[in-house]
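Structure first, then comments.
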Number of protein chains: 2
Amino acid sequence: MADPQDRVDKMIHELKEHGFRVTPQRLAVLKILAASHGHPSVEMIFERIKPDFPTTSLATIYKTVNLLKDLREVVELDFSGESNRYDGNKPYPHPHLNCTKCKSIVDADVDGLTELAQHLAKKTGYQILTHRLDFFGICPRCQETQ
Amino acid sequence: MADPQDRVDKMIHELKEHGFRVTPQRLAVLKILAASHGHPSVEMIFERIKPDFPTTSLATIYKTVNLLKDLREVVELDFSGESNRYDGNKPYPHPHLNCTKCKSIVDADVDGLTELAQHLAKKTGYQILTHRLDFFGICPRCQETQ
DNA sequence: TTCTCAAGAAAGAATGATTATCCCTTCACT
DNA sequence: AGTGAAGGGATAATCATTCTTTCTTGAGAA
């Protein structure tokens with residue numbers, strides 16, 4: 001896990017670099033994303049911001065998250081039928097373990113993916129820009145509690 | 001690529017096995033899924049069925065596809081923001097190459113994924129049920145035509 | 001310090017894929 | 001032929017996300 005403070009600083013830098021303001025709402029959002037406890041959804045970020053900024057609207061969170069995604073400071077994990085989840089701590093593709101019961105998402109430790117992508121690119125002629133590897137199952141905690 | 005006719009037969013068998021009827025509409029849908037040219041979306045299946053069954057509704061396609069998914073005869077590739085895509089030819093998890101321009105999806109040739117999943121399961125305590133590996137980029141054809 | 005204006009935020013409407021509901025039709029079995 | 005459950009058609013409902021409009025704010029100019 002990268003140091004959340006470093007990530008916050010990097011994100012602030014990128015925003016300023018591209019002429020975007022660092023508003024209190026944005027700062028609150030990117031702090032949560034930089035720590036990325038459990039890969040939050042927009043809704044989760046919204047809930048955690050409410051106490052500090054009760055007037056912030058969901059649309060603002062969406063816009064901020066998408067802005068950071070465009071700046072490549074946040075990775076989006078999209079799931080149709082459920083809310084998308086976001087990772088601002090490791091803003092590059094990496095594998096995840098998804099619990100289908102409690103909906104938790106944790107990083108999985110697998111390497112060689114980048115090399116594999118390069119190999120595939122060479123073999124198929126595709127210009128590969130990103131990838132995604134997800135495992136779905138039941139986490140140990142959910143197995144205990146049935 | 002599995003023989004489409006074999007897949008059709010298998011799907012018909014599974015439907016009957018579980019007490020579901022094989023209606024003309026269902027047969028039309030599963031024939032398309034068994035061949036799975038380009039991993040069609042529900043909308044694409046709908047368009048291809050229209051000429052033969054002009055009165056079929058989208059809802060029927062959705063219901064049939066989900067029924068086959070529940071029977072594990074079809075794999076769903078879901079994309080938030082876009083339509084889900086389906087593969088009834090290889091109804092087990094396998095990697096895909098996705099072109100972000102023309103939205104085509106082709107099978108990628110990568111193996112060792114199942115073993116990797118088993119290894120991860122042992123290491124993390126997760127009960128891994130399925131997985132998904134996608135590469136996103138530009139296909140050779142789209143690179144040519146800019 | 002005030003003024004000005006573009007960027008940002010808030011609120012709610014709009015979008016679009018998917019699912020649910022309702023009702024009619026069809027088929028398997030008497 | 002009669003009956004009851006499963007399937008199909010049409011449309012409404014849902015829900016995450018995006019768009020639109022209007023209001024607010026803040027940085028730099030005067």
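Being a predicted model, the structure only gives us computed values, none of them experimental. By convention in this document, chain letters (A, B, ...) are assigned in the order of the sequence lines, proteins followed by strands, and residues within each chain are numbered from 1.
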Residues in salt bridge (Lys or Arg N to Asp or Glu O under 4.0 Å) contact with B/Lys90, at least two apart in sequence or another chain: B/Asp107
Would A/Arg132 count as a cation-pi partner of B/Phe79, with NZ or CZ less than 6.0 Å from the six-membered ring centre and within 45° of the ring normal? no
If I take atom [atom1] in residue [X] and atom [atom2] in nucleotide [N], what distance separates them, rounded to the nearest angstrom?
X: A/Arg85; N: D/dT17; atom1: CZ; atom2: C1'; answer: 17 Å
X: A/Met44; N: D/dA16; atom1: CE; atom2: P; answer: 11 Å
X: B/Leu67; N: C/dA20; atom1: CG; atom2: P; answer: 14 Å
X: B/Lys50; N: D/dA10; atom1: NZ; atom2: P; answer: 12 Å
X: A/Lys16; N: C/dA7; atom1: NZ; atom2: C1'; answer: 16 Å
X: A/Leu30; N: C/dG8; atom1: CG; atom2: P; answer: 13 Å
X: B/Leu27; N: D/dG8; atom1: CG; atom2: P; answer: 11 Å
X: B/Leu15; N: D/dA6; atom1: CG; atom2: P; answer: 15 Å

Which residue, B/Gly19 or A/Asn66, contacts DNA chain D at a nucleotide closer to its 5' end, judged by nearest heavy atom? B/Gly19
State, yes or no, whether a side-chain contact exists between A/Met44 and A/Arg85 at a heavy-atom distance under 4.5 Å. yes
Do A/Ile105 and A/Asp134 have side chains that approach each other closer than 4.5 Å (heavy atoms only, starting at C-beta)? no
With the sugar-phosphate defined as primed atoms, P, OP1 and OP2, and the base as all remaining atoms, what B/S/- string results for nucleotides 9-17 of chain C, 5' to 3', for protein heavy atoms under 4.0 Å? BBBB----S
Distance check, rounded to the nearest 0.5 Å: B/Leu58 atom CG versus B/Glu43 atom CD? 5.0 Å
Does anything in residues 80-112 of chain B form a ring pair (Phe, Tyr, Trp, His ring centres under 6.0 Å)? List the pairs, not counting sequence neighbours. B/His39-B/His96, B/Tyr92-B/His94, B/His94-B/His96
